[in-house]
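Here the structure is laid out as structure tokens; the discussion comes afterwards.
Below, chains carry the letters A, B, ... as their sequence lines are ordered, and counting in each starts from 1.
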Amino acid sequence: MKLFGSVGIPLPATLSRSHVRRLPRWLPDVVFLLPALLVFTVVVIYPVLSSLIYGFTDWNGISSTTHFVGVSNFIRLFSDTKVRAAFGTTLLFTLVTTVLQNAIALGLALALDHLIGWLRGVASVLRVIFLIPMLLSPLAIGYLGQYIFSPTFGVIDNLLIAVHLGRWARDWLGDPRLALGSVIAANLWQYVGYNMIIFLAGLQTVPRDLSESARVEGASDRQQFWHITWPMIAPATTISLILTLVGGFKVFDLIFAMTNGGPGYATESLVMRVYREGFQSNHFGYAAAISITLCLFIFGLSVVLLLLLRRREVAI
Amino acid sequence: MQWRTPWCNLSVTALLIGILCTILAACGSTGTSGQSHITLTFASWQGGAAGDAYQAVIKSYEKLHPNVTIRYEVSDATNYTTILNTHFSAGDSSDIIAFSPTSYNKAPYVKAGDLADLSDQPWVAHLQASAKVTAVADEDPGKSYALPVVQDMGGVIYNKDIFSKLNLQIPTTWSQFLQVCAAIKASGVAPIAVGAKDGWPLEQFLYNELVNTVYRDDPGFHAKQVAGAATYTGSTGWRQAIDNLVALKPYFNAGFSSSTFANTGDVLATGKAAMTVNGDFTLQPTETSNPNIHLGIFPLPYVQGSSVKPNLTSFVDVTLGISAKSQHVDTAKQFLQYFAQPDVMASFLTQRQGLATLDNVSSYKVDPALTDALPMLQGQSVNEAVIGTTSNVETAMWKDAQAVLTGTMTQMQMLQDLDTVFKS
């Protein structure tokens, strides 16, 4: 069969191999990249660049006129108490979810990886079960969460009352001390399965003979984990941590559906503040400035973390 | 391939031509009157029973104008401003748009030139004074940009059966009101239902306080704010209203922070709560849930002595504007003109259970729960329009009131925040 270059696409009968040889070598790459690049430009690059421009204006999102305001939007956001509070909430959410989500996911992945014999079948079923919440939309999880944590109709409080532990029943989403924790719990439930799959993939790369020879040498399970498994799954850990971190800073939909940022500002994330400034208060220029700053912050933090974790991988 | 005979090719060509003709015919289909078919979109946040009243007007209009279809599209009330802004920004706003003079103000869209000028419409001459202020532009009171369709009143909506069972009288002073709340709480019923999660029901509490603490004696407070001569922080009346809201917290339903407006209706309808503070639009869904309930309305009595009578709030709930960029401005105007006809409006108000905005509409039924309070509209009510809050101040008010009630913000911080937002 005649092939187009080396990519395996059948050639029309009229095109001979000599014709193909006369084509520039870069042409197939460009032809294949162009559609994706066009879509990417329209839906990502253009909005990002226009946000960058709007960040220096006072555009209200409706008016056809706008004024250049220099860096005043960027100066303002550092003294805005609501932005600072939202940043604190987002940071707390991200730190807690990054640590807990990865710790629980690693624990589950190790447990499933260690199942042997007929239990391997059970492990396969459990993998799918743990992954199901991830397949649902965060909005759906959020609305489910609203009902699960409701003090009137919620499963948790009604269950506590049913088992005579009514004194532990709480307004989980209405109490500012508990609301963020409840959102974090829902977030963990949704994404732990996803991180678990990343760790499971990492665990597949650990050579079995290495673990077996360690066991023969008398290494305990804990020693095997810290000296063999943990270093060997470093690449998976890097990916899992970075994804959780970036996801944490971008959290919006789950909070929007569960608490709408409330009560008050108790669960308002930075992206939610962007939404309020832009779409509810008609401060699109200011909202763009916050989102650009957040984007740069996430980028910087990801690069630092990636360098640190990669260094650890190389050291291993 | 074997099946591709000349006959077969001919059949395929004929089929394709047929499909093409059908598509072209559909694009240019004509109504019975010979006019091309027009589809209008109508954006609103009012669904449920209130939405049905608008749908009924639409259906009767469509019956008379078979070449027009009006799609009534309901959006979530909490995010309605967001949705409007997004559509206007994208240049694909609905043809007819519902606004609220308080929560979803038309002012920014008028300023941006996004709404059609309706000043020449015949119904403008019939607007009642209280409705006219919501139809005109702030900058130019000579121009009208929206048809106000329904007025409401707000106050304490209460369950008459619970009051009579506990032998309670309608309170006329703040101390009496707190005593009534305490008596209801002692009976095991939540005195006041509030859907604080939605935010806007808390604003209704504040408005019902403010018409007594600020705007009764100082209706020009908003004008002073605009002129820079008054602030929320400097107003003892605003401070008092927020303090009173906090004072009522022990009497709110369990889990009020995570309850929504819909939950409020549920707990009222089931008799788990005795009162709520909101607009009379709360009546219909509650009465639909429990047709045997007997509700009434009285002013939230923030007055210290018995010599001053407390005020109800009154407000135009919905005004209808037309997008200036609509392809069918004239048809949309015709629809509003039809809506404003006395018989159509009367039928709408009877179903929606609200009060008229036009002086030529009289023969409509009002909810029996409003009967006692109707006389108070003259002389014992304040129109919420005087409060003059913009949508960004309102949004901040919702969140701040939640924060104050849950102890994460002080009353003074709330006032300072409102001042900051007002100035921005």
Side-chain angles (χ1 to χ4, degrees), chain A residues 54 58-66 73 76 79-82 85-86 89 145-154 157 169-180 182 256-268 272-273 275-284 286-287, chain B residues 76 78-91 93 107-114 190 196-199 202 252-260 263 266-267 270 272 390-396 398-409 413-414 416-417 420-421 424:
Chain A
Y54 285 129
D58 64 352
W59 189 48
N60 68 1
I62 305 167
S63 174
S64 54
T65 57
T66 183
N73 285 334
R76 179 182 157 198
S79 58
D80 187 332
T81 50
K82 286 179 186 169
T89 305
Q146 244 188 56
Y147 285 98
I148 291 169
F149 289 105
S150 162
T152 321
F153 317 101
D157 278 0
R170 295 282 184 278
D171 187 357
W172 302 100
L173 300 177
D175 185 334
R177 292 163 301 176
L178 302 172
L180 189 64
S182 307
F256 179 79
M258 269 182 94
T259 62
N260 196 21
Y265 302 89
T267 56
E268 191 172 273
M272 197 149 223
R273 182 100 296 266
Y275 161 78
R276 289 207 195 291
E277 288 293 347
F279 291 96
Q280 291 190 326
S281 300
N282 293 347
H283 300 147
F284 265 80
Y286 185 46
Chain B
D76 167 38
T78 310
N79 300 300
Y80 187 65
T81 305
T82 310
I83 292 159
L84 283 189
N85 287 349
T86 312
H87 281 299
F88 274 113
S89 304
S93 61
Y109 313 107
V110 172
K111 222 176 206 175
D114 286 330
K197 192 194 167 195
D198 284 341
L202 292 175
F252 289 163
N253 53 311
F256 72 89
S257 281
S258 51
S259 295
T260 61
N263 300 145
D266 293 340
V267 288
T270 51
K272 288 179 182 166
T390 52
S391 64
N392 56 344
V393 171
E394 283 207 322
T395 311
W398 302 350
K399 301 297 289 178
D400 289 356
Q402 287 176 343
V404 167
L405 282 173
T406 51
T408 53
M409 189 182 247
Q413 284 171 332
M414 175 172 173
Q416 285 165 348
D417 182 48
T420 308
V421 176
S424 75

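Neither the backbone nor the side chain of V404(B) comes within less than 4.5 Å of any heavy atom of chain A. Looking at D417(B), the atoms closer than 4.5 Å to chain A (heavy atoms on both sides) all sit in the side chain, from C-beta outward. Looking at R170(A), there are no atoms closer than 4.5 Å to chain B (heavy atoms on both sides), in backbone or side chain. Heavy atoms of T395(B) lying under 4.5 Å from chain A belong exclusively to its side chain. Both the backbone and the side chain of D400(B) have a heavy atom closer than 4.5 Å to some heavy atom of chain A. If you measure heavy-atom distances from Y286(A) to chain B, you find no contacts under 4.5 Å at all. In this structure, chain B has no heavy atom under 4.5 Å from any part of E277(A). At a 4.5 Å heavy-atom cutoff, the contact between N263(B) and chain A is made by side-chain atoms alone. Using a 4.5 Å cut-off between heavy atoms, A401(B) makes no contact with chain A at all. When heavy atoms are compared at a cutoff of 4.5 Å, T259(A) approaches chain B solely by way of its backbone atoms N, CA, C and O.
Side-chain atoms of K399(B) do not come within 3.5 Å of backbone N or O of Y265(A) as any donor-acceptor pair. Remark: the backbone N or O of P263(A) is not paired with any side-chain donor or acceptor of Q402(B) at under 3.5 angstrom.
Ranking P176(A), A266(A), G261(A) against chain B, the residue ahead of the rest is P176(A), based on heavy-atom pairs under 4.5 Å. For the set G113(B), G255(B), A112(B), the entry with the most heavy-atom pairs within less than 4.5 Å of chain A is G255(B). By number of non-hydrogen pairs under 4.5 angstrom with chain A, the leading residue of K197(B), K272(B), M409(B) is K197(B).
More than 12 heavy atoms of other residues, nucleotides or ligands shown are found within 6.0 angstrom of NZ on K82(A).
Checked by atom type, the side-chain pair S257(B)/D171(A) shows no donor-acceptor distance below 3.5 Å.
Distance OG1/T81(A) to CD/Q413(B): 8.5 Å, rounded to 0.5 Å.
Two residues are said to be in side-chain contact when any heavy atoms from C-beta on lie closer than 4.5 Å; T82(B) and R276(A) fail this criterion. In this structure, the side chains of T81(B) and Q280(A) stay at 4.5 Å or more apart for every pair of heavy atoms. Looking at heavy atoms from C-beta onward, T86(B) lies in side-chain contact with F279(A) at the 4.5 angstrom threshold. Residues S150(A) and S258(B) are not in side-chain contact: their nearest non-hydrogen atoms beyond the backbone lie 4.5 Å or more apart.
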Using the side-chain contact (heavy atoms from CB on, under 4.5 Å) rule, take N85(B) and N282(A) through it: C-alpha gap first, then chi angles, then the decisive distance, then the call. CA-CA 8 Å; N85(B) 287 349; N282(A) 293 347; 2.5 Å; yes
Show the numbers, then the answer: is there a side-chain contact (heavy atoms from CB on, under 4.5 Å) between N392(B) and H283(A)? CA-CA 10 Å; N392(B) 56 344; H283(A) 300 147; 4.2 Å; yes
